[in-house]
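As structure tokens, the structure follows; a few thoughts come after it.
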Amino acid sequence: QVCTMTQFDNVNPVVYQTKERAKADKAIFDNSEVDEIDAGEIFDLIRDINDPEHPLTLEQLNVVQEELITVEKTDREQFVHVKFTPTIPHCSMATLIGLAIRVKLFRSLHPCVKVIVSITPGTHNTEDAINRQLRDKERVAAAMENSNLIYAVNKCLTPRE
């Protein structure tokens with residue numbers, strides 16, 4: 001049984017202009033250098049994730065922004081922190097959106113890169129509870145065993161034509 005939506009949380013969202021895409025540099029194919037991950041690359045990975053309610057991307061809805069992505073590297077580890085901003089403070093899709101971002105980065109990045117996905121502070125009524133869910137590896141793993149959730153996440157991650 002697949003959940004279908006009959007009512008939108010945000011019936012008329014604001015649609016933002018998207019950023020111009022970076023041109024591919026031939027130097028990225030040079031294997032003699034280690035190319036560090038940066039916020040722009042992370043943004044490029046998640047900008048086209050589909051919103052679960054509307055036929056728009058997370059970038060078009062300003063849910064994800066390059067300025068809200070940080071990448072840190074220590075001697076031993078690399079961290080990617082993505083903050084996302086729901087379109088309304090009571091968005092019921094916030095957990096699904098966070099899960100889609102996490103899954104996309106998990107599928108795209110090296111396993112040694114630690115990913116933290118959280119709601120931009122002050123932008124959601126239940127941000128603490130959602131952030132706890134998104135940080136809990138066991139809860140995320142359990143969610144990804146739920147066929148309805150996997151379907152919903154994959155729908156968000158499937159490119160539109």
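Not measured: the values here are computed from a predicted model.
- Side-chain atoms of Met144 and Ile150, non-hydrogen and from C-beta on, do get closer than 4.5 Å to each other.
- Residues Ala39 and Val71 approach most closely at N-CG2, 3.8 Å, considering heavy atoms.
- Using a 4.5 Å cut-off on side-chain heavy atoms (C-beta onward), Val140 and Leu99 make contact.
- Of the inter-residue distances, the one linking Thr158 atom OG1 with Asp48 atom CG reads 12.5 Å to the nearest 0.5 angstrom.
- Val113 is not connected to Phe79 by any chain of hydrophobic side-chain contacts under 4.5 Å among Ile, Leu, Val, Met, Phe, Trp and Tyr, and they are in different clusters.
- Looking at every heavy atom in both residues, Val117 comes nearest to Gly98 through CG1-O, 3.8 Å.
- Connection of Ile130 to Leu68 is not established within any shared hydrophobic cluster, with ILVMFWY side chains joined at heavy-atom distances below 4.5 Å, either directly or through further cluster members.
- In this structure, the side chains of Val103 and Arg107 come closer than 4.5 Å at one or more pairs of heavy atoms.
- A distance of 6.5 Å separates CG in Leu61 from OG1 in Thr87, rounded to the nearest 0.5 Å.
- When all heavy atoms of Pro121 and Lys83 are compared, the pair lying nearest together is CD-CD, 4.1 Å.
- Here the side chain of Asn50 pairs a donor or acceptor atom with the backbone of Lys155 at under 3.5 angstrom.
- Here the options are Ile42, Leu134, Val64, the test is side-chain contact (heavy atoms from CB on, under 4.5 Å), and the partner is Ile101; only Val64 passes.
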*Apply side chain to side chain contact (heavy atoms under 4.5 Å, CB included) to Ile97 and Phe84, showing your working.*
CA-CA 9 Å; Ile97 291 168; Phe84 68 99; 3.8 Å; yes
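- With values rounded to the nearest 0.5 angstrom, Arg102 atom CZ is found 9.0 Å from Ile116 atom CD1.
- Here the CD1 atom belonging to Ile37 is positioned 10.0 Å from the OG atom belonging to Ser108, to the nearest 0.5 angstrom.
- Under the 4.5 Å side-chain criterion, counting only non-hydrogen atoms from C-beta, His81 is in contact with Ser118.
- When all heavy atoms are compared, the tightest approach of Cys91 to His124 is O-NE2, 2.8 Å.
- For the pair Ile69 and Ile46, the minimum side-chain heavy-atom distance is below 4.5 Å.
- Without hydrogens or angle criteria, Asp136 side chain to Arg132 main chain gives no donor-acceptor distance under 3.5 Å.
- Using a distance-only test at 3.5 Å, with no hydrogens or angles considered, a donor-acceptor pair links the side chain of Glu41 to the main chain of Asp38.
- Residues meeting the salt bridge (Lys or Arg N to Asp or Glu O under 4.0 Å) test with Lys114, sequence neighbours left out: Glu77.
- Remark: the backbone N or O of Ile49 is not paired with any side-chain donor or acceptor of Thr57 at under 3.5 angstrom.
- Across all non-hydrogen atoms, the minimal contact from Ala94 to Ile119 is CB-CD1, 4.1 Å.
- Glu59 and Phe43 get closest at one heavy-atom pair: OE2-CZ, 3.5 Å.
- Between Leu109 and Gln78, the closest side-chain pair of non-hydrogen atoms is not below 4.5 Å.
- Ile88 and Leu96 sit in two unconnected hydrophobic clusters of ILVMFWY residues. Membership requires side-chain heavy atoms under 4.5 Å apart, directly or through other members.
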